[in-house]
K.L.:
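Mind having a look at this structure? Questions to follow.
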Amino acid sequence: QVQLVESGGGLVQPGRSLRLSCVASGNFFNINDMGWHRQAPGNEREMVATITSGGDSNYADSVKGRFTISRDDDANTTYLQMNNLKPEDSAVYYCYAAIVLVRRGLGHEYDYWGQGTQVTVSS
């Protein structure tokens with residue numbers, strides 16, 4: 001019943017900007033941490049940015065100063081603003097959310113992942 005859907009990926013030239021969105025839908029109690037990971041062909045999946053329910057964020061060194069993660073809890077959405085994009089940023093970007101579901105009267109946290117959205121930075 002829980003689904004994460006990413007949008008905003010595409011082809012962009014180096015130095016330009018792109019904003020990714022991820023919307024969570026379904027019947028759940030709360031969303032804790034949210035974030036973005038990416039995976040390029042031949043590479044391991046790496047953490048790009050995370051944000052807690054309290055708004056604390058963390059970034060990979062390679063994107064610090066260029067990317068900004070945010071969230072809108074009213075819309076169950078997280079965003080990744082990507083500025084000054086570089087070819088090495090090209091990857092499939094996956095959204096995740098730690099979602100709290102109520103089971104037997106208690107809240108339990110489960111990790112959900114989106115389907116991924118392709119970002120290609122090229123001239």
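Note that the structure is a prediction, hence the values are computed from the model and not measured.
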K.L.:
Rounded to the nearest 0.5 Å, what separates atom CG in N30 from atom CG in N76?
P.N.:
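Answer rounded to 0.5 Å: 9.0 Å.
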K.L.:
Can you tell me if S90 uses its side chain to pair, donor with acceptor, with the backbone of V121 under 3.5 Å?
P.N.:
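Such a contact is found between S90 side chain and V121 backbone.
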K.L.:
Answer whether the closest heavy-atom distance between the side chains of I99 and Y110 falls below 4.5 Å.
P.N.:
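No, too far: nothing below the 4.5 Å cut-off.
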K.L.:
Any side-chain donor paired with an acceptor under 3.5 Å for S53 and N32?
P.N.:
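S53 vs N32: no donor-acceptor pair found between side chains.
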K.L.:
Are R38 and N43 packed together at the side-chain level, in the sense that at least one heavy-atom pair is separated by less than 4.5 angstrom?
P.N.:
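The answer is no; the side chains never approach within 4.5 Å.
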K.L.:
Provide the closest heavy-atom pair for A91 versus A40 in the form atom of the first, atom of the second, distance.
P.N.:
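Looking at all heavy atoms of both residues, the closest pair is CB-N, 3.8 Å.
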K.L.:
Looking at CH2 of W36 and CE of M47, how far apart are the two atoms once the value is rounded to the nearest 0.5 Å?
P.N.:
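Between W36 CH2 and M47 CE, I get 14.5 Å after rounding to 0.5 Å.
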K.L.:
Restricting to non-hydrogen atoms, name the atom on A49 and the atom on Y59 that form the minimum distance, rounded to 0.1 Å.
P.N.:
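Looking at all heavy atoms of both residues, the shortest contact is CB-CD2, 3.6 Å.
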K.L.:
First locate atom CD of Q13, then atom CG of L85, and finally report the distance between them rounded to the nearest 0.5 Å.
P.N.:
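Separation between the atoms: 11.5 Å.
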K.L.:
To the nearest 0.5 angstrom, please state how far the OG atom of S57 sits from the CE atom of M34.
P.N.:
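The CE atom of M34 is 14.0 Å from OG of S57, to the nearest 0.5 Å.
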K.L.:
Tell me every residue that passes side-chain hydrogen bond (donor to acceptor under 3.5 Å, both in side chains) with R71, counting only those two or more places apart in sequence or in another chain.
P.N.:
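R71 satisfies side-chain hydrogen bond (donor to acceptor under 3.5 Å, both in side chains) with D73 only.
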K.L.:
Is it the case that over 12 heavy atoms from other parts of the model lie below 6.0 angstrom from the CZ atom of R16?
P.N.:
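No, because the 6.0 Å sphere around CZ of R16 holds 12 heavy atoms or fewer from other groups.
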K.L.:
Pick one: which of V63, N58, L80, V48 meets side-chain contact (heavy atoms from CB on, under 4.5 Å) with I69?
P.N.:
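Exactly one option meets the side-chain contact (heavy atoms from CB on, under 4.5 Å) with I69, and it is L80.
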K.L.:
Quick one: pull up OH in Y112 and OG in S25 and give me the separation to the nearest 0.5 Å.
P.N.:
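OG of S25 is found 11.0 Å from OH of Y112.
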K.L.:
Linking Ile, Leu, Val, Met, Phe, Trp and Tyr by side-chain heavy atoms under 4.5 Å, what else ends up with L106?
P.N.:
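Hydrophobic cluster check, L106: no partners found.
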K.L.:
Flag the pair K64 and D61 as a salt bridge only when some basic side-chain nitrogen lies within less than 4.0 angstrom of an acidic carboxylate oxygen.
P.N.:
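Here K64 pairs with D61 in a salt bridge, since their nearest N and O are under 4.0 Å apart.
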K.L.:
Give the cluster check for V100 versus V102: same hydrophobic cluster or not, with ILVMFWY residues linked at side-chain heavy-atom distances below 4.5 Å.
P.N.:
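Yes, one cluster joins them.
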K.L.:
Within a strict 4.5 Å, meaning less than it, do heavy atoms of the L20 and V119 side chains meet?
P.N.:
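Side chain of L20 against side chain of V119, heavy atoms only: contact under 4.5 Å found.
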K.L.:
In a table with atom names and distances, give each donor-acceptor pair under 3.5 Å that connects a side chain of residues 3-12 to protein atoms at least two apart or in another chain.
P.N.:
{"from": "E6", "atom 1": "OE1", "to": "Q115", "atom 2": "N", "distance (Å)": "3.0"}
{"from": "E6", "atom 1": "OE1", "to": "Q115", "atom 2": "NE2", "distance (Å)": "3.2"}
{"from": "E6", "atom 1": "OE1", "to": "G116", "atom 2": "N", "distance (Å)": "2.9"}
{"from": "E6", "atom 1": "OE2", "to": "C95", "atom 2": "N", "distance (Å)": "2.8"}
{"from": "E6", "atom 1": "OE2", "to": "G116", "atom 2": "N", "distance (Å)": "3.1"}

K.L.:
Taking the side chain as C-beta and beyond, is there a heavy-atom pair between V2 and L101 under 4.5 Å?
P.N.:
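Touching, per the 4.5 Å side-chain cut-off.
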K.L.:
Tell me, do T50 and D33 make a side-chain contact under 4.5 Å, heavy atoms counted?
P.N.:
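In short, these two side chains do not touch, never coming nearer than 4.5 Å.
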K.L.:
Assigning hydrophobic clusters by single linkage (Ile, Leu, Val, Met, Phe, Trp, Tyr; side-chain heavy-atom cutoff under 4.5 Å), is F28 placed with V23?
P.N.:
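In one cluster with F28: V23, no.
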K.L.:
Should the heavy atoms of other residues, nucleotides or ligands under 6.0 Å from CG of D111 be counted, would the total exceed 12?
P.N.:
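Counting other residues, nucleotides and ligands, CG of D111 exceeds 12 neighbours.
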K.L.:
List in chain and number order the residues that pass ring-ring contact (aromatic ring centres under 6.0 Å, His included) with Y79, two or more places apart in sequence or in another chain; answer none if no residue qualifies.
P.N.:
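Residues passing ring-ring contact (aromatic ring centres under 6.0 Å, His included) with Y79: none at all.
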K.L.:
Output all residues satisfying side-chain hydrogen bond (donor to acceptor under 3.5 Å, both in side chains) with R19, sequence neighbours left out; order by chain, then residue number.
P.N.:
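Scan of R19 (side-chain hydrogen bond (donor to acceptor under 3.5 Å, both in side chains), adjacent residues dropped) gives none.
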K.L.:
Transitive ILVMFWY cluster of Y96 at side-chain heavy atoms under 4.5 Å: who else is in it?
P.N.:
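ILVMFWY cluster around Y96 also holds V92, Y94, W113.
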